[in-house]
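Below you'll find the structure, written out as structure tokens, and then a few comments.
In what follows, every chain begins at residue 1, and chains take the letters A, B, ... in the order their sequences are listed.
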Amino acid sequence: MRVKNLIGRRTATPPRDAVTPSHQILLRGGYVRQMGQGIFSLLPLGQRSRAKIEQILREEMDAIEGQEILMPVVTPAELWQQSGRYQAIGGELVRFDDRSGHPHVLNMTNEETVVDVVKANVDSYRQLPFMVYQVQTKFRDEPRSRAGLIRVREFIMKDGYSFHRTPEDLEAYYDRVLEAYKRIFKRCGLTQTVDISSDTGMMGGRLAHEFMFLSPHGEDTLLLCDSCGYRANREVVPTKRSFKPAQDEPLAEMQRVDTPGTKTIEEVATFLKTTADRCCKAVLFMTRDDKPVAGFVRGDMDLNQAKLRNAIMAAELRPMREDEFAQFGSVAGYFGPVGLDPEVWTMRFDRSILETPNLVIGGNEKDVHVTGFNLARDLEGAEVIDLADVVEGDPCPECGTGLRQSRGIEVGNIFQLGTKYSESMELLYTEEDGVAKHPTMGCYGIGVGRTLACVIEEHHDENGPMWPATVAPFTVQVCCIQAKKQPVREAGDALYQALLKAGVDVILDDREVGAGFMFADADLIGAPVRVIISPRNLKNDAVEMKYRVANADESLPTSLPIAEAAETIPKLVKKLIDAIEG
RNA sequence: CGGGGUGUAGCGCAGUCUGGUUAGCGCGCCUGCUUCGGGAGCAGGAAGUCGGUGGUUCGAAUCCACUCACCCCGACCA
């Protein structure tokens, strides 16, 4: 490839809309073209890098006996109805009818499809265990896409599914996948990626890990223990701290108080001359079938929606609208647990409510609160669970050390699904003893485009990407300074052809442009190795070597005799790749 | 879904409040000359349904109504 023919406009100024570094660079470097909200075309540079990431994925999946298949993007709704997810999943699943009126979906994940494939092809324990995977387009109609390739609606994902005779066998294989994933992210140059325990969410199943690229631009909050190595998504970290006051307090009586115009915790606390940690915060939701749910945490804490959702086994919770409060006997801003119909409301209380005496609660009446609330005394049969967000400094659930908080971008995840799908979709095989059994399943995903974006997030400077050699669209760029001069052009062309022949991903810039322009442009292409051919260097029968990473290995040569360049450069590239892959 | 913002040439923007020749500027693009090691200079040139539809008006990028798209924050999210 020659730069002059490369499709993808590179610009000095980033589009104003892009905020995240990877988003800016993807646009500035002509890697992608946005077609709509969360929908992108990949241009040659982006596509080449994507292909390299996919190649790594394939190698690592094959190394753990994965078998690559390809499933369709469109699936008849029937399959999703069988698993129950057609009903359970909200608007992010795109549903549509074909011309004859049959409902279909755009796959957002492929458990249903893969179970159908396996059903038709597996019947004996002799065939287990196995794993199949694909690299295929997914569509999720996200309510809000953002940050370039980090959160999109249409994306390419590597998704794998394994089938086992026993949960123990799944667990053993799961560990192998976990190790494979670590190798994948290492080979892609993502050193800031950690595996953490996570919620199973809509996938179901019991054990799950997410692979998080640590970044301030991440959308998930992680808690890490520097002492014992515990790390988990905030959604699943249990609260271990005590909420009991330092000294025992006598329990006050419950008392109605007028609190005009105090809708927020802060307003109530100020009005009653107390603090937020002596107020009871109610967070209200509706289930999918419009049943009201209330979660209570102390006023100084945040309610963790995932914890509440899991505790009441709800598929989905949405915030209650203000106009819905009245029909369930309360008022927005003055909601309290006392006096509500327990037949109507599903209520759960955080341990902080149980342990903190004499709380302020809402009076379920405009401008009225109640003081002196003590859960154990005042509400019979209240269900106390862990509902609050853990925050930085809270004790580690494993060892008690203070936790550190970080943000992360989810680049991959793995689930132990168990028999959720093999049961709901009636997938059976015959065991050794002749009995039909549901196989135990695992599933394993990696977002390819998101991984690409994270590579840029980790490896860039103000001039553009600094690609790891393993996933660089081009590993070598040959720059011809003063390409108008025939010896320069000829030398550049000869080296380019020789490197191509040696199998190097090389791009040649023989445009008649100024050196400054050419170098700035090359920075946006981001090849790890740059070879400069110029009249000055030719005079010494040499080529000049530059590396996109400023502090690259000092053993790398800064110039080469031109006669040796074609032979030495492929070795340099291999050395750079080996350094990443270890 | 709520809040905020933006739509004018490939990219970045001015012009809109206060309607008035042919809609401008910078970058990029094309031609020529001179330059030539970190985004060169001069000269000439091409490129626009002013997001869309409807309306007001002698006249609309500009005023009015509706609408679409995208971005940011929140909600949401395997």
Side-chain angles (χ1 to χ4, degrees), chain A residues 4 7-20 23-24 27-30 33-40 85 88-93 107-111 138 140-148 150-153 155 157 159 161 198-205 208-211 217-220 233 235 283 285 305-306 309 315-322 409-415 417 420-421 443-447 450 462-464 479-485 488 511-524 530 532-537 544 546:
Chain A
K4 65 182 171 197
I7 296 303
R9 189 186 307 277
R10 292 169 302 285
T11 58
T13 48
R16 185 178 257 266
D17 287 341
V19 174
T20 316
H23 189 194
Q24 290 188 352
L27 291 171
R28 268 183 66 198
R33 162 87 182 173
Q34 184 163 3
M35 311 306 285
Q37 188 189 106
I39 302 173
F40 289 83
R85 289 206 289 189
I89 294 181
E92 57 271 36
L93 177 66
N107 282 330
M108 54 194 291
T109 170
N110 278 53
E111 284 74 14
K138 304 287 182 290
R140 296 181 186 182
D141 196 357
E142 297 279 354
R144 188 180 161 215
S145 53
R146 54 176 289 274
I150 288 178
R151 185 165 203 81
V152 292
R153 297 197 297 168
F155 58 101
M157 176 166 135
D159 48 328
Y161 308 87
S198 68
D199 185 37
T200 52
M202 79 159 181
M203 301 298 292
H209 285 83
E210 290 170 335
F211 286 79
H217 297 109
E219 304 181 289
D220 291 275
N233 193 307
E235 292 181 342
V283 188
F285 300 95
Q305 197 173 325
R309 191 180 59 223
E316 195 181 344
L317 291 177
R318 65 167 173 84
M320 186 180 282
R321 295 191 309 267
E322 282 214 9
I409 299 169
E410 182 186 353
V411 284
N413 55 27
I414 57 180
F415 291 88
L417 292 173
K420 173 178 167 162
Y421 294 94
C443 78
Y444 319 98
I446 287 181
R450 191 180 275 189
E462 65 280 7
N463 299 317
C479 291
C480 297
I481 305 296
Q482 295 193 54
K484 194 181 247 181
K485 295 191 172 143
V488 170
R511 293 176 299 173
E512 295 174 16
V513 297
F517 179 89
M518 187 178 281
F519 291 153
D521 206 37
D523 285 342
L524 281 169
R530 187 179 306 170
I532 300 164
I533 294 174
S534 69
R536 193 165 90 187
N537 293 327
E544 192 176 338
K546 288 229 174 186

Could you let me know what B:U35 is paired to, Watson-Crick or G-U wobble, both distances under 3.5 Å, or none if it's on its own? none
Quick one: which of B:G28, B:C71, B:C77 gets closest to the side chain of A:E92? B:C77
Take the protein atom CG of A:D523 and the nucleotide atom P of B:G39, then report the distance between them rounded to whole Å. 12 Å
If the C1' atom of B:C33 is compared with that of B:C27, how far apart are they to the nearest Å? 22 Å
As a test of reading the structure: which of B:C71, B:C77, B:C73 is closest to the side chain of A:Q37, going by heavy atoms? B:C71
With a 4.5 Å heavy-atom cut-off, do A:F519 and A:I532 have their side chains touching? yes
Side chain of A:R9 (C-beta onward), nearest among B:C73, B:G28, B:G38: B:G28
Can you name the residues that form a salt bridge (Lys or Arg N to Asp or Glu O under 4.0 Å) with A:E235, not counting sequence neighbours? none
Among the nucleotides B:G39, B:G28, B:C70, which one has an atom lying closest to any side-chain atom of A:A520? B:G39
Any idea which of B:C71, B:C72, B:C36 is nearest the A:V19 side chain? B:C72
Under a 3.5 Å cut-off for both distances, is B:C11 Watson-Crick or wobble paired, and to whom? B:G26
Could you measure between the two P atoms, the one in B:G7 and the one in B:G51, and give it in whole Å? 8 Å
Would you mind classifying the nucleic acid contact of A:F155 as base, sugar-phosphate or nothing, using non-hydrogen atoms under 4.0 angstrom? base
Does B:U16 pair with anything, Watson-Crick or G-U wobble, both distances under 3.5 Å, and if so, with which nucleotide? none
What integer distance in Å separates A:R10:CZ from B:G10:C1'? 13 Å
Can you check the distance between B:G5 and B:A47, where both ends of the measurement are the P atom (answer in whole Å)? 37 Å
Give me the distance, rounded to whole Å, that separates B:G24 from B:A46 when you measure between the P atoms they each carry. 13 Å
With a 3.5 Å limit on both atom pairs, tell me what B:A69 is paired to, counting Watson-Crick and G-U wobble, or say none. B:U6
Among B:G10, B:C72, B:G39, the nucleotide that comes nearest once only the side chain of A:L524 is considered: B:G39
A:R511 atom CZ, neighbour heavy-atom count above 12 within 6.0 Å: yes
Rounded to the Å, how far apart are A:Q24 CD and B:G12 P? 12 Å
Describe the nucleic acid contact of A:R146 in one word from base, sugar-phosphate, nothing, applying a heavy-atom distance below 4.0 Å. sugar-phosphate
On RNA chain B, more 5' by nearest nucleotide between A:G514 and A:G38 is A:G514
By nearest atom, which of the nucleotides B:C70, B:A75, B:G38 is closest to the A:K546 side chain? B:G38
Atom CD of A:E235 and atom C1' of B:C77: how far apart are they, to the nearest Å? 9 Å
Mind checking A:A483 for me? I need base, sugar-phosphate or nothing, with any heavy atom below 4.0 Å counting as a touch. nothing
Regarding A:E210, tell me which of base, sugar-phosphate or nothing describes its non-hydrogen contacts under 4.0 Å with the strands shown. nothing
Whichever of A:M35 and A:F519 has the more 5' nearest nucleotide on RNA chain B, that residue is A:F519
Expressed in angstrom and rounded to an integer, what is the separation of A:E512 atom CD from B:C33 atom C1'? 14 Å
Starting from P on B:G38, measure out to CD on A:E462 and report it in whole angstrom. 16 Å
OP1, OP2 of B:G10 versus side-chain N and O of A:R33: anything below 4.0 Å? no
Apply the test salt bridge (charged side-chain N to carboxylate O under 4.0 Å, His left out) to residues A:E219 and A:R146: give CA-CA distance (whole Å), side-chain angles for both, the deciding distance (0.1 Å), then the verdict. CA-CA 10 Å; A:E219 304 181 289; A:R146 54 176 289 274; 3.0 Å; yes
Look at all strands and tell whether A:M157 reaches a base, only sugar-phosphate, or nothing, counting heavy atoms closer than 4.0 Å. base
Any base atoms under 4.0 Å from A:N537, or only sugar-phosphate, or nothing? Heavy atoms, all strands. base
What closest approach, in Å, do A:R10 and A:G29 show between heavy atoms, and which atom pair accounts for it? CG-O, 3.2 Å
Take the protein atom CD of A:E219 and the nucleotide atom C1' of B:C73, then report the distance between them rounded to whole Å. 13 Å
P atom, B:G55 versus B:G45: distance in rounded Å? 40 Å
Which nucleotide wins on minimum distance to the side chain of A:F517, given the candidates B:G39, B:G38, B:C70? B:G39
Of the candidate nucleotides B:C77, B:G39, B:G38, which contains the atom at the shortest distance from the side chain of A:R151? B:C77
Distance between P atoms of B:U8 and B:C50 (Å, rounded): 11 Å
Note: A:K420-A:E111 ion pair, threshold 4.0 Å (strictly below): no
When you compare B:C25 with B:G48, how far apart are their C1' atoms, in angstrom units rounded to a whole number? 14 Å
Yes or no on side-chain contact (heavy atoms from CB on, under 4.5 Å) for A:N233 and A:E410, after CA distance, side-chain angles and deciding distance? CA-CA 10 Å; A:N233 193 307; A:E410 182 186 353; over 6 Å; no
B:A69, OP1 or OP2 - any side-chain N/O from A:Q34 closer than 4.0 Å? no
Complementary nucleotide of B:G48, counting Watson-Crick and G-U pairs under 3.5 Å: none
In whole angstrom, give me the gap between the C1' atoms of B:G3 and B:A40. 47 Å
Which base, if any, makes a Watson-Crick or G-U wobble pair with B:G74, both distances under 3.5 Å? B:C1
Kindly give the heavy-atom pair with the smallest separation between A:N463 and A:R28, and that separation in Å. O-NH2, 3.9 Å
From the list B:C72, B:C77, B:C36, which nucleotide is the closest neighbour of the side chain of A:E142? B:C77
Please name the nucleotide paired to B:U62 by Watson-Crick or G-U wobble geometry with both distances under 3.5 Å, or report none. none
Whole-Å gap separating P (B:C29) and CZ (A:R511): 8 Å
Distance-only, no hydrogens or angles: does the A:R450 side chain make a donor-acceptor pair with backbone N or O of A:I150 under 3.5 Å? yes
Tell me whether the side-chain N/O atoms of A:R530 come closer than 4.0 Å to OP1 or OP2 in B:G38. no
